[in-house]
Protein chains: 2
Amino acid sequence: MATAFRTSASTRDRMIAEARALFAARGFYGVSIAQIAAELGLTKQALLHHFGTKERLYGLVLEQIAEELADLKGALEPGVDPARRLQDWVVAMISDTPPRIERSRLLMREILDNPVRAESAGSWYLKPFLDELVMMLRSVPGWSEASDAQLRATVVQLLGAVNYHAVSGPTFRGIFGAEAAQAMNGIFAAQLQHMLRAVLTAGPGA
Amino acid sequence: MATAFRTSASTRDRMIAEARALFAARGFYGVSIAQIAAELGLTKQALLHHFGTKERLYGLVLEQIAEELADLKGALEPGVDPARRLQDWVVAMISDTPPRIERSRLLMREILDNPVRAESAGSWYLKPFLDELVMMLRSVPGWSEASDAQLRATVVQLLGAVNYHAVSGPTFRGIFGAEAAQAMNGIFAAQLQHMLRAVLTAGPGA
DNA sequence: GAATCCCCTTACCGGTTGGTAGGGACGTTG
DNA sequence: CAACGTCCCTACCAACCGGTAAGGGGATTC
């Protein structure tokens with residue numbers, strides 16, 4: 001009972017990957033399961049066969065992203081200086097690969113839509129990840145006595161700065177032109193680390 | 001020909017205001033014109049009579065927001081210290097009023113959806129506003145010789161941090177609970193100014 | 001070779017979408 | 001009082017939505 005379904009797992013993965021791309025591009029309400037299926041050369045019933053409902057498919061996409069975030073933080077060696085770890089994490093979050101951009105877009109959309117969509121379960125995918133960031137920040141010298149609210153506000157700020165870049169890329173390409181956007185891209189990683197360093201060394205605010 | 005339509009203009013404004021609230025909460029695809037109309041005690045044909053299409057109504061909401069942004073930057077007196085002006089602007093952007101939160105959410109949604117939706121005209125609303133911010137940043141001591149890309153990257157970073165707060169409020173309320181979210185709210189303005197000061201005094205990055 | 005299971009199909013469902021057609025209530029203007 | 005324009009209504013449309021029902025092709029299993 002543990003054999004077979006070689007290609008089937010692959011098809012399932014292709015479905016989730018395509019759903020991830022389309023949900024990231026157009027949002028949950030902006031894509032129909034028929035459109036996702038059409039992109040794969042299938043009918044929507046093939047999708048419904050595997051996932052039952054559109055919500056469940058979307059949930060699996062979020063689950064995949066949550067796993068990626070967990071892997072991403074696990075890849076950071078835990079021994080070193082915590083400020084350095086935060087910096088490494090930022091670097092790891094910034095690669096401009098398509099899956100990474102989709103991830104940022106989906107997270108942003110999830111944050112926007114979650115209070116509205118019925119099954120709010122999706123948001124809990126984010127919580128452990130946020131808690132981990134807060135813990136990381138607390139172990140930075142000078143931040144150990146900051147309040148939870150302060151730490152969380154700083155983490156949210158940092159997340160905003162990191163994700164906004166990936167999300168706004170295409171729009172700013174439209175506004176400023178392709179080469180200007182690419183120049184911004186090249187600078188952004190250094191700029192972001194610069195900001196991170198400034199914030200961390202300044203310590204928590206009033 | 002310049003008289004009459006007293007109540008009509010008011011109805012139109014109510015329609016736009018309601019559309020703004022719902023588009024901000026659920027996104028363009030997440031709301032139907034019938035739902036907007038129902039919220040006003042009208043039928044969708046009343047909306048279609050005034051605006052013709054859903055896209056046009058959405059466009060008018062964006063236009064209203066663009067005007068607000070223009071007013072907002074105009075309200076800052078141009079004489080004073082530019083770093084202080086940026087700080088004032090951040091404060092003005094952060095008030096937690098419903099129209100302001102709707103504005104942030106709509107801008108975020110626009111940035112996410114715009115590359116997809118056909119009429120990309122919406123993003124041009126943002127350009128003068130961004131240019132103004134870049135100019136403001138350039139006149140801050142220590143930033144005058146930074147490249148356009150550097151300035152833009154910093155502005156985008158700043159916008160991300162500012163907007164992410166308003167946008168993520170409801171979701172983080174769901175994750176951390178109401179009181180924790182409120183505590184974050186109270187801290188955020190000071191925290192953001194703190195970050196801004198740290199970044200500005202540190203000067204442009206490598 | 002019959003039974004079984006997996007994967008995906010066609011056919012169909014009730015409900016909702018954005019948008020059109022046309023009419024009626026009401027106030028203003030000749 | 002008739003004509004007209006504004007504003008909003010009911011009625012209707014084709015298209016699409018997510019989801020159900022049922023069946024067929026093909027490989028695996030006995």
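Any value given below was found using the heavy atoms of this structure, including those in side chains, with hydrogens, waters and symmetry copies removed. Residue numbering restarts at 1 for every chain, and letters A, B, ... go by the order of the sequence lines.
- For the 3.5 Å distance criterion, the side chains of B:Arg26 and B:Gln35 qualify, holding a donor opposite an acceptor.
- The interatomic distance linking B:Arg12 (CZ) with D:dT6 (P) rounds to 13 Å, in whole Å.
- Nearest-nucleotide positions on DNA chain D place B:Met15 closer to the 5' end than the other of B:Met15 and B:Lys44.
- To the nearest angstrom, C1' of C:dT20 lies 18 Å from NZ of B:Lys54.
- The residues A:Asp113 and B:Arg109 are annotated as salt-bridged, a charged nitrogen and a carboxylate oxygen being separated by less than 4.0 angstrom.
- Checked against a 6.0 Å centroid threshold, the rings of B:Tyr164 and A:Tyr164 do not count as neighbours.
- A:Arg85 has no carboxylate O lying under 4.0 Å from a charged side-chain N of A:Asp81, or vice versa, which leaves the two without a salt bridge.
- Within residues 32-43 of chain A, the residues that have a heavy atom under 4.0 Å from DNA chain D are, in order of number, A:Ser32, A:Ile33, A:Gln35.
- Separating the CG atom of B:Leu57 from the P atom of C:dG19 is a distance of 10 Å, rounded to the nearest angstrom.
- We find that OH of A:Tyr58 is positioned 18 Å from C1' of D:dC17, with the value rounded to whole Å.
- With D:dA11, C:dC8, D:dT20 as the candidates, the nucleotide lying closest to the side chain of A:His50 is C:dC8.
- Taking atom CG on A:Leu48 and atom P on C:dC6, their separation rounds to 18 Å, with Å as the unit.
- Following rounding to the nearest Å, B:Asp13 (CG) and D:dC7 (P) show an atom-to-atom distance of 12 Å.
- For A:His49, the listed nucleotide lying nearest its side chain is C:dC7; candidates were C:dC7, C:dT20, D:dC8.
- For the residue pair A:Glu110 and A:Tyr58, a side-chain donor N or O sits within less than 3.5 Å of a side-chain acceptor on the partner.
- Nearest to the side chain of A:Thr11, among D:dA21, C:dC8, D:dA11, sits C:dC8.
- Across all strands shown, B:Ala46 has heavy atoms under 4.0 Å from sugar-phosphate atoms exclusively, and none from any base.
- A salt bridge links B:Glu68 with B:Arg20: at least one charged nitrogen is closer than 4.0 Å to a carboxylate oxygen.
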